[in-house]
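Computed from a predicted structure; not experimentally measured. Throughout, protein chains are lettered first and strands after them, A, B, ... in sequence-line order, and every chain is numbered starting at 1.
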2 protein chains.
Amino acid sequence: MPADWIAQFPGLLRLEPAVREVLTRKSAVITVPEGTVIFGPGKSPENLLLLLEGRVRVQQVSEGGREIVLYRVEAGQSCVLTTACLLAHEDYSAEGIAETDVRAVAIPRPVFDDLVSQSVMFRNFIFTAYSRRITDLFQVIEDIAFQRVDIRLAQKLIDLERGTGQIKATHQQMAAELGTAREVVSRQLGEFQRRGWIRQSRGSIDLIDLSGLERLAALDVG
Amino acid sequence: MPADWIAQFPGLLRLEPAVREVLTRKSAVITVPEGTVIFGPGKSPENLLLLLEGRVRVQQVSEGGREIVLYRVEAGQSCVLTTACLLAHEDYSAEGIAETDVRAVAIPRPVFDDLVSQSVMFRNFIFTAYSRRITDLFQVIEDIAFQRVDIRLAQKLIDLERGTGQIKATHQQMAAELGTAREVVSRQLGEFQRRGWIRQSRGSIDLIDLSGLERLAALDVG
DNA sequence: TCCCGTTCAGTGATGATGTCACCAAGCGGG
DNA sequence: CCCGCTTGGTGACATCATCACTGAACGGGA
């Protein structure tokens, strides 16, 4: 009964039956513990991952040791950059980290190649996923270049709060989310706290007035 | 004798003969005049372009009307983002503009699909090109987030000077290259001029001491 | 339990960059 | 030659980055 994970990927639902059979037979469901570096400089992945549960954070690490979060791969999405990473032999400076325990379908490179070759639907699935990521990157570029940090911080807080009303992250980690400096985050969060939108404690942030943050976040463009 | 453009694309040289035949027979060499918008919001391209001559500038246009140059496609490269653009039906906010007159091989979407399906080499070619572009985007993000503008401007000047020692661009256009404001470019260029590295005139910049710019550009990271 | 080293957060000073408002110079078309 | 548009220059100020330093919070031995 391992086959039914396909239902979690709308783009694969209409897969040709023969292809579908190959996909389910030649791939494996794996689990990866939280914190694992899935790919990174000098660590090419051997598989394309389709996430069933959990979350992968993809971030850029610069030579100066600074980090910036590029995007996250959520359950139901695929980690397509690994495919480009598989084929191009330049080293990526980006790395993917399991942000939670992850359960995923692992498609070995030869099988991936086979599927791309044989199935129009699978090709669509892959190229659509690419498109999605590239759009994400465009958005990151636009935000960093043109958006005020207070607005971006408010947006990020809303984005990272997953129903819990709380975010477990240090100021340093929030700075990496935005590609800015820790001090900037500290000061902005201080301001948010003065306005009664959040409450801070070491290593976590409680959101107590989401609507205030949302008003700021909505200012968006200039 | 139209077939020999393949020699300009190292990644296609070892193409399987049958595939090579399909590629040359079903694609067309087209020319596009300078200034043409090749793809953009609301304008999906019908073809994948492989550039034989000329240059395409790909830039992001934000809602606030601001622009930022993402990368350039040069002769011998392919404009792969158009493939993602072809398949994914979200509108891109990026646009591609012919920066010079362009001569290119146009591969219609069905032929592209066919080639991806049939040829390992062609798949490699495409995914490698993707990888290259994504790496470019990572670099743009890192530069915008962490690099000083004077250094980036010096690098860009060196990059855009193509043997002529001169760059035809307004300060506004240079600002778009870096994702910064015109005033910042004006002031930095003023400083470069005071140092004797460049001479400015309306709409163009003469580089008269490349080594000075290179020293600054080499400071790179922090 | 108490040290004690480490991580995390707060803050002032200062430099770099972005924004706004405005002016002047250059260029081209009537 | 005049006029309007584009381009570039500049001061004032806001925002953001960096540096240097402080103290608080936490956790792991002794």
Side-chain angles (χ1 to χ4, degrees), chain A residues 35 62-68 141-157 166-195 198-206 216 219-222, chain B residues 35 62-68 140-157 166-195 198-206 216-217 219-222:
Chain A
S62 89
E63 306 174 35
R66 301 194 54 167
E67 295 181 356
I68 180 167
I141 290 173
E142 187 168 322
D143 283 352
I144 295 181
F146 303 132
Q147 196 68 281
R148 286 168 33 188
V149 291
D150 55 349
I151 294 175
R152 295 203 293 136
L153 180 56
Q155 291 171 337
K156 192 57 84 173
L157 289 173
Q166 193 185 50
I167 296 168
K168 292 274 179 218
T170 65
H171 293 185
Q172 182 62 61
Q173 289 167 333
M174 290 305 300
E177 295 284 342
L178 303 177
T180 183
R182 178 191 61 80
E183 297 92 320
V184 174
V185 170
S186 288
R187 280 188 257 258
Q188 291 294 346
L189 287 179
E191 176 62 24
F192 289 177
Q193 188 167 40
R194 268 187 296 282
R195 296 183 194 174
I198 66 171
R199 203 170 329 113
Q200 302 189 65
S201 55
R202 189 187 171 88
S204 77
I205 304 162
D206 294 297
L216 179 58
L219 293 184
D220 218 61
V221 269
Chain B
S62 89
E63 306 173 34
R66 301 193 55 165
E67 296 182 355
I68 180 168
V140 170
I141 290 173
E142 187 168 320
D143 283 352
I144 295 180
F146 304 131
Q147 196 69 282
R148 286 167 33 188
V149 291
D150 56 349
I151 293 175
R152 294 204 293 137
L153 179 57
Q155 291 171 338
K156 192 59 82 173
L157 289 174
Q166 192 184 51
I167 296 169
K168 291 274 179 218
T170 65
H171 293 186
Q172 183 62 60
Q173 288 168 335
M174 290 306 298
E177 294 285 342
L178 303 178
T180 184
R182 178 191 60 80
E183 296 91 321
V184 175
V185 170
S186 289
R187 280 189 259 258
Q188 292 294 346
L189 288 179
E191 176 61 24
F192 289 178
Q193 188 167 39
R194 266 188 298 281
R195 294 184 194 174
I198 65 170
R199 203 171 327 114
Q200 303 188 64
S201 55
R202 188 185 173 88
S204 77
I205 304 162
D206 293 298
L216 178 58
L219 294 184
D220 219 59
V221 269

Specify the separation, in whole Å, of atom [atom1] of [X] and atom [atom2] of [N].
X      : N      : atom1 : atom2 : answer
A:E191 : C:dT11 : CD    : P     : 12 Å
A:H171 : D:dT18 : NE2   : C1'   : 18 Å
A:D150 : C:dG18 : CG    : P     : 16 Å
B:D143 : D:dA17 : CG    : C1'   : 16 Å
A:L219 : D:dT15 : CG    : P     : 13 Å
B:R182 : C:dA21 : CZ    : P     : 14 Å
B:M174 : D:dG8  : CE    : P     : 11 Å
A:E183 : D:dT15 : CD    : C1'   : 15 Å

As a test of reading the structure: which of C:dT11, D:dT7, C:dG18 is closest to the side chain of B:T170, going by heavy atoms?
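The answer is D:dT7, which lies nearest to the side chain.
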Of the listed D:dT7, D:dC16, C:dG18, the closest approach to the B:A181 side chain comes from C:dG18
Evaluate side-chain contact (heavy atoms from CB on, under 4.5 Å) for B:L153 paired with B:E177, printing each intermediate quantity in order.
CA-CA 9 Å; B:L153 179 57; B:E177 294 285 342; over 6 Å; no
Provide the closest heavy-atom pair for A:S62 versus B:E142 in the form atom of the first, atom of the second, distance.
CB-OE2, 3.1 Å
Tell me whether A:Q173 contacts the main-chain N or O of A:T170 through its side chain, where contact means a donor paired with an acceptor under 3.5 Å.
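Answer holds: yes.
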Are the side chain of B:R152 and the backbone of B:L178 linked by a donor-acceptor contact shorter than 3.5 Å?
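Here the side-chain-to-backbone pair exists.
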Check: B:R187 side chain, D:dG8 base, donor-acceptor under 3.5 Å
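For B:R187, whose side chain was compared with the base of D:dG8, there is no donor-acceptor pair (under 3.5 Å).
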How would you label the contact of B:G190 with the nucleic acid (heavy atoms, under 4.0 Å): base, sugar-phosphate, or nothing?
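Nothing: the residue B:G190, judged by heavy atoms under 4.0 Å, touches no strand.
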Checking all strands, does B:Q188 fall into the base, sugar-phosphate, or nothing category for heavy-atom contacts under 4.0 angstrom?
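Sugar-phosphate only.
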With respect to the phosphate group of D:dT7, does any side-chain polar atom (N or O) of B:S186 fall under 4.0 Å of OP1 or OP2?
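Checking B:S186 against D:dT7: no side-chain N or O falls below 4.0 Å of OP1 or OP2.
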For B:R66 and for B:R202, locate the closest nucleotide of DNA chain C by heavy-atom distance; then report the residue assigned to the nucleotide nearer the 5' terminus.
B:R66
Less than 4.0 angstrom from a charged side-chain N to a carboxylate O is my criterion; do B:R187 and B:E191 meet it?
no
